[in-house]
2 protein chains.
Amino acid sequence: MSQTVDRALSILPLLAEGPASLEQVATRLDVHKSTALRLLRTLHDHGLVYRQQDQRYRLGARLFALAQQAVEALDIRGIAHPHLAALNERTGHTVHLAVYEQGEVVYIDKVESRYPVRMYSRIGRPVAITVAAVAKLLLADLPEPERRAVAEGLDYPRYTPRSTPDAGAFLAELARVREQGWASDLGGHEESINCVGAPLHGPDGRVCAAMSVSAPNVVVTAEELLRLRPQILRTAEAIGAELSGAAPAAHHPATKGAT
Amino acid sequence: MSQTVDRALSILPLLAEGPASLEQVATRLDVHKSTALRLLRTLHDHGLVYRQQDQRYRLGARLFALAQQAVEALDIRGIAHPHLAALNERTGHTVHLAVYEQGEVVYIDKVESRYPVRMYSRIGRPVAITVAAVAKLLLADLPEPERRAVAEGLDYPRYTPRSTPDAGAFLAELARVREQGWASDLGGHEESINCVGAPLHGPDGRVCAAMSVSAPNVVVTAEELLRLRPQILRTAEAIGAELSGAAPAAHHPATKGAT
DNA sequence: AATGGCCGTTGCGCATGATGCAACGCACTG
DNA sequence: CAGTGCGTTGCATCATGCGCAACGGCCATT
């Protein structure tokens, strides 16, 4: 692995937190100022980093453009979206789509609730990996050694009393999820929010993404939400079928095609 | 500028075009395979690049996560304020900045008029959502189902005879606003007060805030106020560019003062 | 107005780390 | 079963990225 590039790339997550000065970057990277400057300049030349008038650095327009292209390149998203929208239409609740990539679970799509109730997460933010239904689904499908390695490398923040407490409990939960083919999170992240999720199987049979329906219990109780399970599973299967090349059932015009 | 980093970063736009094999990357970079491999591995370790089953590389979801995190951390007010102050300086009128959150539109910044006018707005307070220019701008950008849901759940108080009367009229107005890219409120909240507003686009291209210039018609007529529109739009675009990290990019320190 | 500290910037000599090469392994093909 | 194409590895060479030290602008302090 290339040390120079490694350092340069380490700057990006750092700047994602907020603007930082040259000195701050140098300190956090543990390199000399002049080194940090050179790296930042290179990033700047590529437009990944932006320099504001106060000379501090932020992420730049190019990075946003690339990010946009990155999600658009994910076929799953384009294929799944109409299905997710339809599910949202029928249930009225917020629907999420997430993928797993190298130890991270990332939301890549979301269809908002019709209810004008604020939902906790925005797409893109790394998921609360130890509790979210989608995270459980994605991790549950990993081969056993990797699953354990990931589980043991995680923090287990106690968002609520119902949050997953530790690696042991998490692995047990993953086993259950794997077994039953769906997952739920009942107030494990935010006390009043529940969600139910299902896995999306790719052509190779492995779980390539996960979806979930979330709602605060001021709108529906956990029991009512869980009653949507069959519908969610059916949607997940429909998406999976289409991913595997099955003809898309003639729903709405499935415009947003992927190639 | 660092050559190694430069090469590594050149890979990203290349992959944005579509998945590519190691050999293709090496060729396009004009470096040896082994060099390209090392660079790709480093990018991969940082999650910026993902390796699909067929061993070809594409952009990683982490890029999206980074961008999204940066968007959330954006200090819209801090970036916008100098521009708003400058606009206030030039026009003399009250300037507002607002965002949409949890079904409400709230002011997050305000630069007072140089004229002795009283206006019922305060930072942190909700906006008269059915009539204010900023509210129209923010709601006009919501996805259609949510927009309709919100519009239908609102009250439509008749502050004045020119207030938006009902959901139908409001949705029609939102469509117009969305189309034209700016909004006005001519005496819809307080009989004698007019305002003109423009949307602020965030890095993801969506409207993340809205600004407006307001003045009572004892100071300027509605026509005169509307004549400021180009100036307001220009300001909004400048803020948007800065929010997005668009790079005019002066390397050398000498650049000082407004452009 | 003068001073000192802070922070970004520059040029340079040194050694570290990035480079290309050549050889290997693997999968697919004729 | 050779032959081809592509990804991977270890290594010797030297280009390149590194830290240092010194400079200069800006701001707050006296």
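Here the structure is a predicted model, which is why all the values come from computation and not from measurement. A note on names: the letters A, B, ... follow the listed sequences, proteins ahead of strands, and every chain is numbered from 1.
- Among the heavy atoms of the strands lying under 4.0 Å from B:R41 are primed sugar atoms or P, OP1, OP2 only; no base atom is included.
- Under the side chain to side chain contact (heavy atoms under 4.5 Å, CB included) criterion, A:A183 pairs with A:A133, A:K136, A:L137, A:V177, not counting sequence neighbours.
- For the 3.5 Å distance criterion, the side chains of A:D6 and B:H46 qualify, holding a donor opposite an acceptor.
- Within residues 11-19 of chain B, no residue has any heavy atom closer than 4.0 Å to DNA chain C.
- Few gaps surround CZ on A:R158; more than 12 heavy atoms of other groups in view lie less than 6.0 Å from it.
- In terms of the side chain to side chain contact (heavy atoms under 4.5 Å, CB included) criterion, residue partners of A:P13 (sequence neighbours excluded) are, by chain and number, B:R62, B:L66.
- In this structure, A:D6 atom CG and D:dG17 atom P are separated by 15 Å, rounded to whole Å.
- For A:H32, the listed nucleotide lying nearest its side chain is D:dA21; candidates were D:dA21, C:dG8, D:dG7.
- Using a 4.5 Å heavy-atom cutoff, the side chains of B:L200 and B:L97 are in contact.
- Bending across the helix from C:dA1-D:dT30 to C:dG30-D:dC1, expressed as the angle between its end axes from five pairs apiece, amounts to 30° (10° rounding).
- As rounded to whole Å, 8 Å separates atom C1' of D:dC6 from atom CD of B:Q55.
- Other residues, nucleotides and ligands contribute only 12 or fewer heavy atoms inside 6.0 Å of the CD atom of B:E89.
- When rounded to the nearest whole Å, the span between CG of B:L40 and C1' of D:dT8 equals 13 Å.
- Rounded to an integer number of Å, the gap from CG of B:L22 to P of D:dG7 is 5 Å.
- Atom CZ of B:R56 and atom P of D:dC6 are 12 Å apart (whole Å).
- When ring centroids are compared, A:H44 and A:Y57 stay outside the 6.0 Å threshold.
- Backbone-only engagement by B:R51 is indicated by non-hydrogen atom pairs under 4.0 Å involving sugar-phosphate atoms exclusively.
- Crowding of B:D54 atom CG: a count of heavy atoms from other residues, nucleotides or ligands under 6.0 Å exceeding 12.
- A salt bridge between A:E237 and A:R234 is absent, with no side-chain N of the basic residue lying under 4.0 Å from a carboxylate O of the acidic one.
- With hydrogens and angles left out, the side chain of B:S34 and the base of C:dC21 share a donor-acceptor pair within 3.5 Å.
- Among B:V31, B:L14, B:L39, B:L37, the single residue meeting the side chain to side chain contact (heavy atoms under 4.5 Å, CB included) criterion with B:V25 is B:L14.
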Restricting both atoms to N or O, compile the protein contacts to nucleotides 14-18 of chain C shorter than 3.5 Å, with distance only.
residue, atom, partner, partner atom, Å
C:dG17, OP1, A:Q3, NE2, 3.2
C:dA18, OP1, A:Q3, N, 3.1
C:dA18, OP1, A:T4, N, 2.9
C:dA18, OP1, A:T4, OG1, 2.8
C:dA18, OP2, A:Q3, N, 3.2

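- In this model, a donor atom of one side chain and an acceptor atom of the other lie less than 3.5 Å apart for B:H32 and B:S34.
- Nearer to the 5' terminus of DNA chain C, by closest-nucleotide assignment, is the contact made by A:L37 (compared with the other of A:L37 and B:K33).
- Rounded to a whole Å, the CG atom of B:L39 is 15 Å from the P atom of D:dG7.
- Separating the CG atom of B:L29 from the P atom of C:dG20 is a distance of 10 Å, rounded to the nearest angstrom.
- Looking at residues two or more places apart in sequence or on another chain, you find a side chain to side chain contact (heavy atoms under 4.5 Å, CB included) between A:P203 and A:S244.
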